[in-house]
Amino acid sequence: MEDHIRFDRQNLALHLLDQRLLPEQETEVICRNTDDIVSALQTMVVRGAPAIGVTAAWGCALALNETSGPGWATQLEELLDRIANARPTAVNLRWAVERMRKCWWKVINSGSGDRDPLLAAFLDEAARMQAEDVEACKTLGRFGADCLKDGDTVLTHCNAGALATAGYGTALGVIRGAVEQGKRIKVIADETRPFLQGARLTAWELHKDNIPVTVACDNACALLMSKGLVQSVVVGADRIAANGDAANKIGTYGVALLAKHFNIPFYVAAPLSTIDPTTSDGSGIPIEQRPEREVTHVGDTRLTPEDVPVYNFAFDVTPAELITGIITEKGVLQPPYGLAIWAALNEASAAPEADDAGIIER
Ligand code: MRU
């Protein structure tokens, strides 16, 4: 599935499959300006680190299109900042906006200060980023597939699938890669309270692809592992610090601790765009707190007593020492992650796509 983020270049509109309504309804939300993009990101019409990065890239083009007059460049700066800050934890938002700024700088350096060539360049760059993300997922999926054995049951948390990326997925990309190698893989999808990305989205995607999936309550994890029902854990990430500490959906840290206890390998799968070498360790990763209502209600039904406060931290950070391997499009990174991450980013910056100065596209 690669059409859940679809840009209509003729009408300058971004069509997003509304992930809030899955699996019941397949409806699109159409974004035409920065307000629409920021709202889609914050209300989680689209979610998942790489998917929001690609959405942000298209959003930069829409932002440019809504600027006007002699002050358009200042207006654009402000709109890009709004997009970059729409959600705090996933670094892919900032990464995408920085890449568009770099594109802007290249257009200026090529001698053009006008909006029209910049809009064309932004649209081309966003399309490139979308295509690159699918390729990165397929490549890391092939690397990660070698970590799984025929007959394994893999537990995953949240949705790190096609929906969470431009297509194919990270954690689910690894599972898809193993299935494509002919391995018989079964999946346990944690339901992932409170937004239920596992129950609604992971189950929906895998079921559509005929990959056997069973949904389990988040709090069943210890029991399932103690019964020998899980051979491996693969999750995605929203931001990986320079030392390998990895932020992912709330509950991931607990799964990693349990995996350690039961001696089950715990892998994090993510493209290099999710690595933030400017954050030295997990303590520097900002954790998004989302509206209380996601915890207090299911649909229109209140679950908790009125006036009782709730915590709704959307992410937690799994320390690097609990991670067996970080699966990227440059291979499966092994501890010590500081060096492995540095080497992977360096290798990427030496690749032909990098600019003349060898600066990594991030
Ligand atoms: O709040 P969400 O749904 O955007 O959180 C998503 C996750 O935590 C995913 O596991 C992560 O972004 C990896 S997506 C390939």
Side-chain angles (χ1 to χ4, degrees), residues 1-2 4-5 16-20 22 40-56 86-96 133-134 136-141 144 154-177 189-202 204-206 218 233-240 246-256 266-276 285-291 294-295 312-318 323 326-329:
M1 180 188 14
E2 293 177 21
H4 56 296
I5 303 174
L16 297 170
L17 177 63
D18 190 343
Q19 299 193 27
R20 299 168 303 182
L22 291 173
L41 292 168
Q42 292 181 337
T43 61
M44 307 231 279
V45 168
V46 58
R47 31 63 51 204
I52 65 177
V54 168
T55 300
R87 294 187 71 189
T89 303
V91 76
N92 306 61
L93 271 189
R94 196 184 77 196
W95 169 84
D133 186 60
V134 178
C137 287
K138 288 185 174 164
T139 307
L140 74 82
V154 179
L155 183 138
T156 190
H157 193 77
C158 195
N159 170 264
L163 288 167
T165 60
Y168 203 73
T170 56
L172 297 197
V174 170
I175 288 159
R176 289 192 167 100
D190 277 353
E191 66 179 346
T192 320
R193 275 279 293 158
F195 211 75
L196 302 176
Q197 289 95 329
R200 296 186 303 106
L201 308 178
T202 298
W204 181 74
E205 273 193 31
L206 292 176
D218 299 330
V233 177
V234 187
V235 296
D238 291 85
R239 189 188 298 222
I240 300 174
N248 192 49
K249 181 53 53 191
I250 188 80
T252 304
Y253 183 15
V255 173
F266 177 96
Y267 293 100
V268 172
L272 296 182
S273 56
T274 300
I275 297 180
D276 176 11
I285 300 178
I287 302 293
E288 177 181 9
Q289 292 190 58
R290 294 196 49 83
E294 290 177 358
V295 176
N312 191 11
F313 291 101
F315 300 96
D316 57 26
V317 177
T318 300
I323 301 171
I326 298 177
I327 302 167
T328 75
E329 68 271 38

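Counting starts at 1 for both ligands and their atoms, following the listed order. In this chain, numbering begins with 1 at the start of the sequence shown. Source: prediction; values computed, not measured.
Closer than 4.0 angstrom to ligand 1 lie heavy atoms from M44, R47, G48, A49, P50, R87, C158, N159, A160, A164, T165, T170, Q197, G236, A237, D238, N248, K249, F315.
The shortest heavy-atom contact between A49 and A90 is CB-CB, 3.8 Å. Across all their heavy atoms, T156 and V234 have their closest contact at OG1-O, 2.7 Å.
The pair R239-D276 counts as a salt bridge, with a side-chain nitrogen and a carboxylate oxygen less than 4.0 angstrom apart.
With sequence neighbours excluded, the residues that form a side chain to side chain donor-acceptor pair (under 3.5 Å) with T202 are N159.
Rounding to the nearest 0.5 Å gives a distance of 10.5 Å between CZ of R176 and NZ of K138.
Side-chain atoms of R290 never come within 3.5 Å of backbone atoms of V295 as a donor-acceptor pair (strictly under, hydrogens ignored).
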